[in-house]
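As a basis for the values below, the full set of heavy atoms in this structure was taken, side chains included, without hydrogen atoms, waters or symmetry mates. Just so it is clear: chains get the letters A, B, ... in the order the sequence lines come, proteins before strands, and each one is counted from 1.
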Protein chains: 2
Amino acid sequence: MSTRKTRQREAILRVLKRTTTHPTADWLYIEVRKEIPNISKGTVYRNLNFLHKTGEISELNPDGRVTRYDGRQDNHCHFSCEKCGQVFDVDEPVSPELGQRVAQEAGFQVNRHVLEFFGLCRDCQKGGE
Amino acid sequence: MSTRKTRQREAILRVLKRTTTHPTADWLYIEVRKEIPNISKGTVYRNLNFLHKTGEISELNPDGRVTRYDGRQDNHCHFSCEKCGQVFDVDEPVSPELGQRVAQEAGFQVNRHVLEFFGLCRDCQKGGE
DNA sequence: TTAGGTGCAAAACCTTTGCCATCCC
DNA sequence: GGGATGGCAAAGGTTTTGCACCTAA
């Protein structure tokens with residue numbers, strides 16, 4: 001089970017790394033297709049799952065419908081607009097000791113924790129409602 | 001658009017309020033069916049969405065697949081077991097001022113924020129990997 | 001009476017998977 | 001060469017929706 005280098009996998013990772021929009025698999029599919037026109041959705045999903053397992057990217061599920069992906073791997077969190085669905089980076093670091101406290105108190109083995117903000121982005125505040 | 005009181009809606013809310021397991025729509029469907037055998041899944045989903053909109057319950061999406069529901073409305077957060085998928089309450093309150101800071105820094109209108117922990121629950125720690 | 005709610009089933013949606021051809025090492 | 005990977009399409013699972021009937025107020 002070595003890890004092979006394929007055009008498809010490299011293209012997917014490259015496109016994801018160069019965007020900050022936390023795209024969906026579908027958006028990545030459309031984008032990568034500009035470069036590899038006959039790539040299939042199955043391949044996109046398989047590679048995203050692979051890259052997630054190997055820890056090169058991370059998954060987000062702000063709205064509970066579509067999975068979004070993030071190429072950043074440093075300590076940061078996200079803001080999701082409840083109107084337009086866009087996801088933005090927030091440079092509020094997540095303090096690691098929080099997990100330890102919860103682990104001790106409840107007996108869980110805490111591997112990670114996630115902090116997410118929800119509300120209206122700048123554009124959607126203008127639009128009213 | 002008044003709000004009608006129906007057996008179905010009341011039963012769903014009652015079942016959800018009396019559990020602490022953050023159930024899925026399907027689990028609630030099975031449970032409520034013990035009381036109202038011919039209730040339909042569509043009704044369960046419609047009412048859960050309704051109750052969520054009116055703020056009586058909240059939605060959780062720990063794993064990004066199935067939506068879970070929570071009848072508790074006070075300030076608390078959750079721990080999700082990455083192995084068995086169960087969701088537990090954590091009595092770590094979420095500090096409200098965090099949202100304000102992010103709002104000021106980034107220009108977002110922050111309505112709420114969520115803190116979630118992930119790892120292994122007690123039972124799944126025993127089972128090994 | 002009547003607008004909102006329900007049951008049923010089909011549709012919509014996102015994601016995974018089986019199968020065979022293809023490609024990388 | 002041989003196993004990992006890709007393309008294609010079908011299947012899978014969750015959630016939504018259209019429609020005719022029902023029911024609470």
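Rounded to a whole Å, the CG atom of B:Asp63 is 13 Å from the C1' atom of C:dT15. In this entry the distance linking OH of B:Tyr69 with P of D:dT14 reads 12 Å, nearest Å. Rounding to whole angstrom units, CG of residue A:Asn49 and C1' of D:dA4 are separated by 16 Å.
Applying the ring pair (Phe, Tyr, Trp, His ring centres under 6.0 Å) rule to pairs touching residues 55-82 of chain A yields A:His22-A:His78, A:His76-A:His78, A:Phe79-B:Phe108, sequence neighbours excluded.
A donor atom on one side chain and an acceptor atom on the other are found under 3.5 Å apart for A:Asn111 and B:Glu82.
Remark: B:Asn61 engages B:Thr67 in a side chain to side chain donor-acceptor pair (under 3.5 Å) (not counting sequence neighbours). A:Lys41 is linked by a salt bridge (Lys or Arg N to Asp or Glu O under 4.0 Å) to A:Asp26, counting only residues two or more places apart in sequence or in another chain. For A:Glu116, the salt bridge (Lys or Arg N to Asp or Glu O under 4.0 Å) test picks out no residue, with sequence neighbours left out. Among residues two or more places apart in sequence or in another chain, the salt bridge (Lys or Arg N to Asp or Glu O under 4.0 Å) test is passed with B:Arg72 by B:Asp74, B:Asp89, B:Asp91. With sequence neighbours excluded, no residue satisfies side chain to side chain donor-acceptor pair (under 3.5 Å) with A:Glu105. Legend: residues meeting salt bridge (Lys or Arg N to Asp or Glu O under 4.0 Å) with A:Glu10, ordered by chain and number and at least two apart, are absent. Annotation: side chain to side chain donor-acceptor pair (under 3.5 Å) contacts of B:Tyr45 (sequence neighbours excluded): none. For A:Glu56, the side chain to side chain donor-acceptor pair (under 3.5 Å) partners two or more places apart in sequence, or in a different chain, are A:Thr54.
Between the side chain of B:Gln73 and the backbone N or O of B:Gly55 there is at least one donor-acceptor pair closer than 3.5 Å.
Between its two ends, the helix from C:dT1-D:dA25 to C:dC25-D:dG1 turns its axis by 40°, counting five pairs per end and rounding to 10 degrees.
Shown for residues 22-48 of chain B: residues whose heavy atoms fall under 4.0 angstrom of DNA chain C, namely B:Asn38, B:Ile39, B:Ser40, B:Thr43, B:Arg46, B:Asn47. For the contact set between residues 6-20 of chain B and DNA chain C, defined by any heavy atom under 4.0 Å, the members are B:Thr6, B:Gln8, B:Arg9.
With the nearest nucleotide of DNA chain D identified for both B:Lys5 and B:Thr67, B:Thr67 has the one nearer the 5' end.
Between C:dC25, C:dT2, C:dT16, one nucleotide has an atom nearer to the side chain of B:Arg4 than all others, and that is C:dT2.
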